[in-house]
Undergrad: 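Attaching a single structure in structure tokens format; questions to follow.
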Amino acid sequence: QVQLVESGGGLVQPGGSLRLSCAASGFTWDDYVIGWFRQAPGKDREGVSEGVSCIKNNDGSTYYGDSVKGRFTISSDKAKNTVYLQMNSLKPEDTAVYYCAAARVVNMNPMAVKWSHVWWYERWGMGTQVTVSS
């Protein structure tokens, strides 16, 4: 069974940095896409996930949401079965629970369109809280 575990969240001041980790197990690395999504606080936003970033494991291609381009960087370490999200220049509006999720690469053409749509992701971690506040 595919399992994903997020870590690295916490409380930081605006302008600060965090690195999130997504440890994966139970799947063939190159057969999957790993994405990061977030849900902002407030019950009006519950169940609504914003696509943050994604990496295609078999070729290393990456994708970013417009709101994080230039500030966040996704990377992976195949030997450790781990995907990272380096978050710099954090803003209060980045406050959210961050989730990593896995999608089968065979379902993800074209990647530029599908990577940010939660429907394609069949396995999800439990999330890690990121709070940006002074």
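FYI, the numbering just counts along the sequence from 1.
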Undergrad: Between the main-chain N or O of M126 and the side-chain N or O of E6, is there a donor-acceptor pair closer than 3.5 Å?
TA: yes

Undergrad: Any side-chain heavy atom of W36 sitting closer than 4.5 Å to one from C22?
TA: yes

Undergrad: So, N57 side chain and W29 main chain: donor-acceptor pair closer than 3.5 Å or not?
TA: yes

Undergrad: Could you see if I34 belongs to whatever hydrophobic cluster contains V52? Use Ile, Leu, Val, Met, Phe, Trp, Tyr and a side-chain cutoff under 4.5 Å.
TA: yes

Undergrad: Could you measure the distance from the CD atom of E50 to the CD atom of E93? Nearest 0.5 Å is fine.
TA: 10.5 Å

Undergrad: Decide side chain to side chain donor-acceptor pair (under 3.5 Å) for Q3 and S25; before the verdict, give the C-alpha distance in whole Å, the side-chain angles of both, and the deciding distance to 0.1 Å.
TA: CA-CA 5 Å; Q3 295 189 40; S25 62; 5.0 Å; no

Undergrad: Just by distance, do the side chain of S21 and the backbone of S7 share a donor-acceptor pair under 3.5 Å?
TA: no

Undergrad: Taking side chain as C-beta onward, heavy atoms only, is S133 less than 4.5 Å from P92?
TA: no

Undergrad: Same cluster or not: are I55 and L18 linked, directly or through other Ile, Leu, Val, Met, Phe, Trp or Tyr residues, by side-chain heavy atoms under 4.5 angstrom apart?
TA: yes

Undergrad: Hey, quick one: are L85 and V118 part of the same hydrophobic cluster, counting side-chain heavy atoms closer than 4.5 Å, chains of contacts allowed?
TA: no

Undergrad: Decide yes or no for V105 and N58: does some side-chain heavy atom of the first lie under 4.5 Å from some side-chain heavy atom of the second?
TA: yes

Undergrad: For residues R19 and Y84, is any side-chain donor paired with an opposing acceptor at under 3.5 Å?
TA: no

Undergrad: Restricting to non-hydrogen atoms, name the atom on P41 and the atom on A96 that form the minimum distance, rounded to 0.1 Å.
TA: CD-CA, 4.3 Å

Undergrad: For the side chain of Y64 and the backbone of G70, is there at least one donor-acceptor N/O pair under 3.5 Å apart?
TA: no

Undergrad: Using only atom types and a distance under 3.5 Å, with no angle test, would you say the side chain of R71 pairs donor to acceptor with the backbone of S89?
TA: yes

Undergrad: Identify the two heavy atoms, one from V113 and one from S116, that lie closest to each other, and give their separation to 0.1 Å.
TA: O-OG, 3.9 Å

Undergrad: How far apart are the closest heavy atoms of C54 and V33, and which atoms are they?
TA: SG-CG1, 2.8 Å

Undergrad: So, applying side-chain contact (heavy atoms from CB on, under 4.5 Å) with M87, which one of V130, D94, T73, V68 is it?
TA: V130

Undergrad: Are I74 and Y98 joined in one hydrophobic group, where the rule is that I, L, V, M, F, W and Y side chains link up if heavy atoms are under 4.5 Å apart?
TA: yes

Undergrad: Is a side-chain N or O of S67 found less than 3.5 angstrom from the main chain of G65, in a donor-acceptor match?
TA: no

Undergrad: Pair N88, S17 - check side chain to side chain donor-acceptor pair (under 3.5 Å), show working.
TA: CA-CA 4 Å; N88 298 327; S17 298; 2.8 Å; yes

Undergrad: Under 3.5 Å, is there a donor-acceptor pair between the side chain of K114 and the main chain of N109?
TA: yes

Undergrad: Do S134 side-chain atoms and Q13 backbone N/O form a donor-acceptor pair below 3.5 Å?
TA: no

Undergrad: I'd like to know if K69 and D66 make a salt bridge, using a cut-off of under 4.0 Å between side-chain N and carboxylate O.
TA: yes

Undergrad: How far apart are the closest heavy atoms of S76 and V83, and which atoms are they?
TA: CB-CG2, 4.0 Å

Undergrad: Would you say that K56 contacts M111 through its side chain, given a criterion of any heavy-atom pair below 4.5 Å between the two side chains?
TA: yes

Undergrad: Tell me if the centroids of the rings in F37 and Y99 come within less than 6.0 Å of each other.
TA: no

Undergrad: Are W120 and V2 in one and the same hydrophobic cluster, where Ile, Leu, Val, Met, Phe, Trp and Tyr link if side-chain heavy atoms are under 4.5 Å apart?
TA: no

Undergrad: Closest approach of F27 and Y32, non-hydrogen atoms and distance?
TA: CD1-CD1, 3.1 Å

